[in-house]
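Structure first, then comments.
Just so we're on the same page: letters track the sequence lines, and every chain starts at 1.
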Protein chains: 4
Amino acid sequence: MGDPRAGRARRADAERNRRAIIEAANAVLAEQGSAVDVREIARRSGVGMGTLYRHFPTKDDLLRTVLEGEFTTWAGAAHRAADETDDPRRALREFFENALEYRARHRAVVEHCGSAWTAPAAPEPACTHLLTPVIDELRTRALAAGALRPDVTTEDLALLLAALGQVVQMTTDTCPRMWRRQLRICLDGLDPAHTEPLPRRSDGGDGACGGAGG
Amino acid sequence: MGDPRAGRARRADAERNRRAIIEAANAVLAEQGSAVDVREIARRSGVGMGTLYRHFPTKDDLLRTVLEGEFTTWAGAAHRAADETDDPRRALREFFENALEYRARHRAVVEHCGSAWTAPAAPEPACTHLLTPVIDELRTRALAAGALRPDVTTEDLALLLAALGQVVQMTTDTCPRMWRRQLRICLDGLDPAHTEPLPRRSDGGDGACGGAGG
Amino acid sequence: MGDPRAGRARRADAERNRRAIIEAANAVLAEQGSAVDVREIARRSGVGMGTLYRHFPTKDDLLRTVLEGEFTTWAGAAHRAADETDDPRRALREFFENALEYRARHRAVVEHCGSAWTAPAAPEPACTHLLTPVIDELRTRALAAGALRPDVTTEDLALLLAALGQVVQMTTDTCPRMWRRQLRICLDGLDPAHTEPLPRRSDGGDGACGGAGG
Amino acid sequence: MGDPRAGRARRADAERNRRAIIEAANAVLAEQGSAVDVREIARRSGVGMGTLYRHFPTKDDLLRTVLEGEFTTWAGAAHRAADETDDPRRALREFFENALEYRARHRAVVEHCGSAWTAPAAPEPACTHLLTPVIDELRTRALAAGALRPDVTTEDLALLLAALGQVVQMTTDTCPRMWRRQLRICLDGLDPAHTEPLPRRSDGGDGACGGAGG
DNA sequence: GATGAATGAGCGTTCATTCAT
DNA sequence: AATGAATGAACGCTCATTCAT
């Protein structure tokens, strides 16, 4: 009680718990998707339900935190990889390949890849959007190098990524290398040799889908 | 025995109910996906639980019936549309467009589009597979006309369709015409101008993913 | 409508249906006990639910009818058998043996053998009680021949029969001849060599259990 | 971690609940048999459904626990009573009397008394079988004292007990002392004065009913 | 701060009985 | 009179969240 380090110890403990929860949740969500029982996460974390709910007042909060973490580290790795690659076209291709090889195994990640569009006003500001800067960087560089259709937007690439993520999920158990074919098709479709402009995001009108996109 | 219309009258009424259930279920499943409460379907059908379960002994049976119906009419419409179109490339494009415009609004349909791969041995013989013949026909014709990369399989096209269906789901509320862009990219990627062969479905070995592929 | 035989034909038809229902119900109740689904009975009868419920306004009514029938034919057969047997002791033994061999296979019969005591005022006047006269006849004759403890009542014998019926049910699948041992024990216990009087049915007081007992 | 009493305190409360559930379940099962609604048990326990299902993951588990408890205390009491009684014949009689007086009121107990035979391989290892040792002890002692027919097995006694339990159930409401008469008859039938051997459990053949019998 | 027991609305399903035809 | 479809309360069970300790 009077020990001034008690508070600190608590803090440290709490922080350890928080991390344990996130880590366990990450594993479980990767394996089983976001429909898992919260108990399973608590069990794997080694903490009680109360602790879990103290740190994350809602299952959704936990989910969001985990996904933010995943997307953040993902974005970081992607950024570094991009910086190491000189050829912008190859950088883009490898970004997709790595994403689909290493991230699309994570069921909850893939499940929520589309949430940025599904519920853009929902309290999920940071998730898919964390990836946006990297994708945009890759896009800009590829564009500058003439390695990408000129009117491809970041959103386009993000949506293609999400879509191919679903393909990975669908086929991973029965035909794990299948997605490489669809990826190739998409990448080829992004080739600047295709000169016809892509359809407008909207017909005009007011609802121009919010994003600046380009 | 007795009035020959008696049996039929009953039948007619029951059939009306059956259809009402399927219709309501279809609507509900389209809106909310396959996780809905059966009671909601019963409510919207205007029938009691017992009636629903008399017609469909299991929620899954109902689901399957609805989806089979949906896929069957879809396949029929696609077939007719294909027959009316001379240009094989345009036929393929319009198949995708119609599919994504009219079918991909249906949450349960999209949810189950990947089940052929996820659980190929599951008791869902007729669903995605109902579409296979049409896709294969379109593919063959496009191939013959030199309007498609030579090694594109029916599976490839089905997976692209499923993937783009997810894009529709993701964007339909916030940017309903968005998917047309990703579709264009994919279609362009299918162009025979891309001469490099697609990656093999598998690395060799025994697990060649089962499908003949086409 | 005007045909005077129409009514009769209906009657005949109805009677046939009624008998079909009873017969099917008997079979089903014998096999599966009184917890069966009424639909199963209707199915096996070849009639619709409405017909079944027209003849028997309640599952319980049907049950009662079936059981009354069973008990009646049983009682008749037992009566005839008793008349054919001179030795009263043997007659009693064979009554028990036949009952347990041939009747105790009927699950619903055994289940309801005790209902005479469980709910004596219930609307089940005729069931176990249909057997009472035969048992009483056997008892009287055995008593007269000095082949039975003097104060054994008809109720005593009926209860022993019900109890042994349970034994048959318990053991029929795993040890089908087992009940003969317990029957022997009971029969031996009924031997007049046992001179000590049986306990009084009640402690006196008013509730003398209703029966005259015999 | 932390207060060592914390775990225990919870435990104590949970234990109280667990006991409350068992007690309430015991009462309800005694009154209404094993077909009761689980909600009724929860209600009477004063706990929610979740609590009940936390302690007993299945209705069957609860049932089993209650019955095991009931049979265990019963067996214990019977054992102690047997040890206090010198006269083996009287010990056997009093065992039956106590069993029928105090245990056979319990509907679920009586319902499951026959399950050892009905479903010997079912997941009910401990129930009727808990009683076997006591019965066997009583039998052995009675046999040694020449107070029992020589070829009476433990199974015979258990089946007689189950059968008489049914008699208690049948008569308890309308003639609560009735069973004493049938018990006397059975006990008299067990007298070694009856020298004729009991029928064999089986006709020979292979299916010798599994039990060693004793 | 941590614990994990408790809560209860909700889910998929069954079945005795009623009723339109 | 016969049919069998319709009804809906009830059942066994799950799980996101709360709360006493």
**OP:** Please report, rounded to the nearest Å, how far the C1' atom of F:dT17 is from the CG atom of A:D60.
**Re:** 13 Å

Original post:
Can you name the side chain to side chain donor-acceptor pair (under 3.5 Å) partners of C:S34, sequence neighbours left out?
Top reply: C:E111

**OP:** Rounded off to whole Å, could you give me the CD-to-C1' distance for the B:E40 and E:dG12 pair?
**Re:** 15 Å

Subject >> First of C:V47 and B:R39 reached from the 5' end of DNA chain F, by closest nucleotide >> reply: C:V47

Original post:
For F:dA2, does OP1 or OP2 lie under 4.0 Å from any side-chain N or O of C:N17?
Top reply: yes

Subject >> side chain to side chain contact (heavy atoms under 4.5 Å, CB included) partners for C:D37, two or more places apart >> reply: C:R39

Subject >> Candidates E:dG4, F:dC13, F:dA9 - which lies nearest the side chain of A:M49 >> reply: E:dG4

**OP:** Please identify each residue that fulfils salt bridge (charged side-chain N to carboxylate O under 4.0 Å, His left out) with C:R54, with sequence neighbours left out.
**Re:** none

Original post:
Listed in order of residue number, which residues of residues 20-34 of chain C have a non-hydrogen atom at under 4.0 Å from DNA chain F?
Top reply: none

Original post:
Residues in side chain to side chain donor-acceptor pair (under 3.5 Å) with C:Q32, at least two apart?
Top reply: none

Subject >> Set of residues satisfying side chain to side chain donor-acceptor pair (under 3.5 Å) with respect to D:T51, sequence neighbours excluded >> reply: none

Original post:
Roughly how many Å is it from CG in C:L62 to C1' in E:dC15, rounded to a whole number?
Top reply: 15 Å

Original post:
Side chain of B:V38: nearest nucleotide among E:dT17, E:dG1, E:dT13?
Top reply: E:dT13

**OP:** Mind calculating the distance between CG (C:D61) and P (E:dT18) to the nearest angstrom?
**Re:** 11 Å

**OP:** Using the test salt bridge (charged side-chain N to carboxylate O under 4.0 Å, His left out), find all partners of D:R107 that sit at least two apart in sequence or belong to another chain.
**Re:** none

Subject >> Taking every non-hydrogen atom, the tightest pair across A:V38 and A:M49 >> reply: CG1-CE, 4.1 Å

Original post:
Pairs in or reaching into residues 17-27 of chain C: which pass side chain to side chain donor-acceptor pair (under 3.5 Å), with residues at least two apart or in two chains?
Top reply: C:N26-C:E70, C:N26-C:H106

Subject >> Closest non-hydrogen atom pair between B:H112 and B:T128, with its separation >> reply: O-OG1, 3.5 Å

Original post:
C:I21 and C:I41: which non-hydrogen atoms are nearest, and at how many Å?
Top reply: O-CG2, 4.3 Å

Original post:
Over how many whole Å does the gap from C:R18 atom CZ to F:dT3 atom P extend?
Top reply: 16 Å

Subject >> Sequence-distant partners of A:D173, side chain to side chain donor-acceptor pair (under 3.5 Å), two or more places apart >> reply: none

Subject >> Under the 3.5 Å Watson-Crick or G-U criterion, the dot-bracket string of DNA chain F, with | for inter-strand pairs >> reply: .||||||||||||||||||||

Original post:
Considering heavy-atom distances to DNA chain E, does B:A35 or A:G46 have its closest nucleotide positioned more toward the 5' end?
Top reply: A:G46

**OP:** Scan residues 50-59 of chain C against DNA chain F and write down, sorted by residue number, each residue with any heavy atom closer than 4.0 Å; if none is found, say none.
**Re:** C:G50, C:T51, C:R54, C:H55

Original post:
Rounded to whole angstrom units, what separation is found between the CG atom of D:D13 and the C1' atom of E:dT7?
Top reply: 14 Å

**OP:** Using whole Å, report how far CZ of D:R43 lies from C1' of F:dA10.
**Re:** 11 Å

Original post:
Please give, in whole Å, the distance from F:dT21 P to D:E15 CD?
Top reply: 16 Å

**OP:** With sequence neighbours left out, write down each residue that passes ring-ring contact (aromatic ring centres under 6.0 Å, His included) with C:F71, or none if nothing qualifies.
**Re:** C:W74

